[in-house]
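As a basis for the values below, the full set of heavy atoms in this structure was taken, side chains included, without hydrogen atoms, waters or symmetry mates. Since the model is a prediction, treat every value here as computed from it, not as a measurement.
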Amino acid sequence: MTSKNILVLPGDGIGREIVAEAVKVLGWVGSRPGISLTIEEGLIGGSAYDATGVPLPEETVARAKKADAVLLGAVGGPQWDKLDFSLRPERGLLGIRKALDLYCNLRPAQVFSPLIDASPLKREVVQGIDIMVVRELSSGIYFGEPRGVETLPDGRRRGFNTLSYTSDEIERIARRAFEIARKRNRKVCSVDKANVLESTGLWREVVSELGRRDYPDVTLSHMYVDNAAMQLLRNPRQFDCIVTTNMFGDILSDEASMLTGSIGMLPSASLGDHNALYEPIHGSAPDIAGKGIANPLATVLSVAMMLRYSLARPVEADLIEKAVNQVLDQGLRTADIMQPGAHQVGTGTMGDAVMQALQTEK
Ligand code: IPM
Ligand code: MG
């Protein structure tokens, strides 16, 4: 019997509602033979700020470091938008990524066949896409120094950030991408802006060198980010594994999510060498928070990623993904993925349907 400890951080907005459904699924995992789960809850984001005065309490970091995995809902909301940058809910999320050194963010974009017509792109374009965006998550322009807003002697103000990558930071994320590609179709496309930015010129050099040296069996290509944004819409099936910087990955993964029909469907894993955090890629959707209509499936699918990458339970991961497909096949849809003729349900009903599918699975 293995015993695992999961820290759940619901956060803000719809975070609490969607995480509650994923916790039901964790309950199912804990009832399976050979594994028991302890589930604890902690504070992050705006709700942590309201309770403690900071968006990332020390205690949350300490507990996250000790946990076998962290499951996060979402952070942010208009009521905290006026706070100083250092106290904003988003700082909580960036802070935990940094504190746990979660440098590797995996964002899969896969089409669920029952949802294929929910994509704004034509069926022929998106059918069969299976892209893994590997986003660098703990460095780059999100964290580079110096940063800030200053007032110049003539009274004008100047805002600035720094895009910086060291060769070891590039190498470790590229290595992850090559390893993942080896388990897929052995294709990596590295996305940069090497024609303009020195830091991503170094990115291209380091990725190429690592590929030549350690991964000659993986086909490596390079693309400028503007072209990649266009190619993702023109012909998304050309991509298998994309590796890119923190900010380019933020943008391209939102774009890739729409190929699949809904950002409400996509999970993510943020991995370091010692810790891991799982979260849906969508935000806290304050406009629909508390209404019980948010889509919990991305969070449920994040549990599947947790089972695969942190808990070594691929069988349960597959069963969860199958259960999600099954409820979609049954025609159940939350508002964000509603289609003509389907049956619209709320957050709790969707979660219950997944549980039902899991419990009747063999
Ligand atoms: C994401 C989000 C975050 C990011 C925000 C909420 C700080 O957009 O996880 O993609 O920019 O990384
Ligand atoms: Mg984002």
query = Taking all non-hydrogen atoms of both residues, which atom of Glu321 and which atom of Ala304 are closest, and how far apart?
reply = OE2-CB, 3.8 Å
task = Take atom CD of Gln356 as the centre, draw a 6.0 Å sphere, and report whether it contains more than 12 heavy atoms from other residues, nucleotides or ligands.
result = no
key: For the student: nearest non-hydrogen atoms of Pro89 and Gly46, plus distance   = CB-N, 3.4 Å
Distance (rounded to the nearest 0.5 Å) between Leu319 CG and Leu307 CG = 9.5 Å
remark   = One should read off an interatomic distance between Arg123 CZ and Ile116 CD1, to the nearest 0.5 angstrom, of 5.0 Å
task = Taking Ser47 for its side chain and Asp12 for its backbone only, find out whether a donor-acceptor pair lies under 3.5 Å.
result = no
message = Assigning hydrophobic clusters by single linkage (Ile, Leu, Val, Met, Phe, Trp, Tyr; side-chain heavy-atom cutoff under 4.5 Å), is Ile320 placed with Val19?
response = yes
Pair Lys322-Glu316, salt bridge (Lys or Arg N to Asp or Glu O under 4.0 Å): steps then yes or no = CA-CA 10 Å; Lys322 222 173 105 193; Glu316 283 79 8; over 6 Å; no
inquiry  = Between Arg63 and Glu58, does any NZ, NE, NH1 or NH2 come within less than 4.0 Å of an OD or OE carboxylate oxygen?
reply    = no
message = For the residue pair Ser139 / Glu169, report whether a side-chain donor-acceptor contact shorter than 3.5 Å exists.
response = yes
task = Answer yes if Val8 and Leu102 sit in the same cluster of Ile, Leu, Val, Met, Phe, Trp and Tyr residues linked by side chain heavy atoms under 4.5 Å apart, and no otherwise.
result = no
query = Taking all atoms of both residues into account, what is the closest heavy-atom pair of Ile131 and Pro236, and its distance?
reply = CD1-O, 3.6 Å
ask   = Is Thr52 reaching over with its side chain to a backbone N or O of Val54, donor-acceptor style, under 3.5 angstrom?
value = yes
task = Give a yes or no answer on whether the side chain of Glu17 reaches the backbone of Gly290 with a donor-acceptor pair at less than 3.5 Å.
result = yes
query = Does some side-chain heavy atom of Phe239 sit less than 4.5 Å from a side-chain heavy atom of Ile129?
reply = no
inquiry  = Please say yes or no: joined through hydrophobic side-chain contacts below 4.5 Å, possibly via intermediate residues, are Leu259 and Val125 part of one cluster?
reply    = yes
key: Side chain to side chain, Tyr215 and Asp217, heavy atoms closer than 4.5 Å   = yes
Basic-acidic side-chain contact under 4.0 Å: Arg157, Glu150 = no
query = Under a 4.0 Å N-O cut-off, is there an ion pair linking Lys122 with Asp117?
reply = no
key: Asn195 and Tyr224: CA distance, side-chain angles, deciding distance, side-chain contact (heavy atoms from CB on, under 4.5 Å) verdict   = CA-CA 8 Å; Asn195 50 345; Tyr224 298 138; 3.7 Å; yes
task = Determine yes or no for a side-chain-to-main-chain donor-acceptor pair under 3.5 angstrom, with Arg88 supplying the side chain and Asp81 the backbone.
result = yes
query = Distance from Ile96 atom CD1 to Leu56 atom CG, nearest 0.5 Å?
reply = 5.5 Å
ask   = Has Met247 got more than 12 heavy atoms of other residues, nucleotides or ligands less than 6.0 Å from its CE?
value = no
task = Considering non-hydrogen atoms only, spot the tightest contact between Ala22 and Val303 and give its length.
result = CB-CG2, 3.8 Å
message = Counting C-beta onward and ignoring hydrogens, is there a side-chain heavy-atom pair between Tyr165 and Glu136 closer than 4.5 Å?
response = yes
ask   = Under 4.5 Å between any side-chain heavy atoms of Asn5 and Glu40, yes or no?
value = yes
query = Does Thr60 reach the main-chain N or O of Ile44 with its side chain, forming a donor-acceptor pair under 3.5 Å?
reply = no
message = Walk me through whether Leu328 and Met265 qualify under side-chain contact (heavy atoms from CB on, under 4.5 Å).
response = CA-CA 11 Å; Leu328 294 172; Met265 292 298 300; 3.9 Å; yes
Salt bridge present between Asp240 and Arg186 (N-O < 4.0 angstrom) = no
message = Ile293 vs Gln344, test: side-chain contact (heavy atoms from CB on, under 4.5 Å). Steps then yes/no.
response = CA-CA 9 Å; Ile293 60 171; Gln344 190 165 331; 5.8 Å; no
request  = Using atom types as modelled and distance alone, determine if a side-chain donor or acceptor of Thr245 lies under 3.5 Å from a backbone N or O of Gly140.
outcome  = no
request  = Kindly indicate whether the side chain of Leu121, heavy atoms from C-beta on, has any atom under 4.5 Å from the side chain of Met258.
outcome  = no
request  = Determine whether Leu43 and Leu93 fall in the same hydrophobic cluster, where Ile, Leu, Val, Met, Phe, Trp and Tyr are linked whenever their side-chain heavy atoms lie under 4.5 Å apart.
outcome  = no
ask   = Have Trp80 and Asp50 got a donor and an acceptor in their side chains that come within less than 3.5 Å?
value = yes
message = Using a 6.0 Å cut-off, check whether atom CZ of Arg213 has over 12 heavy atoms from anything other than its own residue.
response = yes
Heavy atoms of other groups near Arg156 CZ, more than 12 under 6.0 Å = no
query = If every non-hydrogen atom of Thr260 is compared with every non-hydrogen atom of Gln110, which pair is closest and at what distance?
reply = CG2-O, 3.3 Å
query = Under 3.5 Å, is there a donor-acceptor pair between the side chain of Asn275 and the main chain of Lys65?
reply = yes
request  = Please say whether more than 12 non-hydrogen atoms of neighbouring residues, nucleotides or ligands are located less than 6.0 Å from CZ in Phe85.
outcome  = no
Main-chain N/O of Val206 paired with Glu209 side-chain donor or acceptor, under 3.5 Å = no
key: Value rounded to 0.5 Å, distance of CG in Leu266 from CE in Met305   = 10.0 Å
query = Think Lys193 forms a cation-pi with Phe248, using NZ or CZ under 6.0 Å from the six-ring centre and within 45 degrees of its axis?
reply = no
task = Please report the C-alpha distance between Tyr142 and Asn161 in whole Å, then the side-chain angles of each, then the deciding distance to 0.1 Å, and finally whether the side chain to side chain donor-acceptor pair (under 3.5 Å) criterion is met.
result = CA-CA 8 Å; Tyr142 273 50; Asn161 290 87; over 6 Å; no
request  = Decide, yes or no, whether a salt bridge links Glu124 with Arg237 under the criterion of side-chain N to carboxylate O below 4.0 Å.
outcome  = no
Check: Glu205/Ser208 side-chain N/O donor and acceptor closer than 3.5 Å = no
query = So, His282 versus Ser257: side-chain donor-acceptor pair below 3.5 Å or not?
reply = no
key: Whether over 12 other heavy atoms sit under 6.0 Å from Glu198 CD   = no
ask   = Are the side chains of Val243 and Cys189 in touch, meaning some heavy atoms are under 4.5 Å apart?
value = no
ask   = Is there a donor-acceptor contact under 3.5 Å linking the side chains of Arg176 and Tyr103?
value = yes
message = In the structure I gave you, are the side-chain heavy atoms of Pro267 and Pro108 within less than 4.5 Å of one another anywhere?
response = yes
ask   = Cut-off 3.5 Å, side chains only: do Asp336 and Asn295 have a donor facing an acceptor?
value = yes
message = Can a donor-acceptor pair be found, under 3.5 Å and without considering hydrogens, that links the side chain of Arg107 to the backbone of Gly249?
response = no
key: Salt bridge flag under 4.0 Å for residues Arg16 and Glu41   = yes
message = For Asp192 and Thr244: C-alpha separation, side-chain torsions, deciding distance, then whether side-chain contact (heavy atoms from CB on, under 4.5 Å) applies.
response = CA-CA 7 Å; Asp192 59 41; Thr244 191; over 6 Å; no
ask   = Ion pair present between Lys183 and Glu179, side-chain N to carboxylate O less than 4.0 angstrom?
value = no
query = If two hydrophobic side chains count as joined below 4.5 Å and joins carry through other members, does Trp203 share a cluster with Leu163?
reply = yes
task = Grab the two heavy atoms, one from Ile14 and one from Gly283, that are nearest each other, plus how far apart they are.
result = CD1-O, 3.8 Å
query = Is it true that a side-chain atom of Thr347 and a backbone atom of Ile18 form a donor plus acceptor pair closer than 3.5 Å?
reply = no
ask   = Given side chains that start at C-beta, do those of Phe112 and Asn325 come closer than 4.5 Å, heavy atoms only?
value = yes
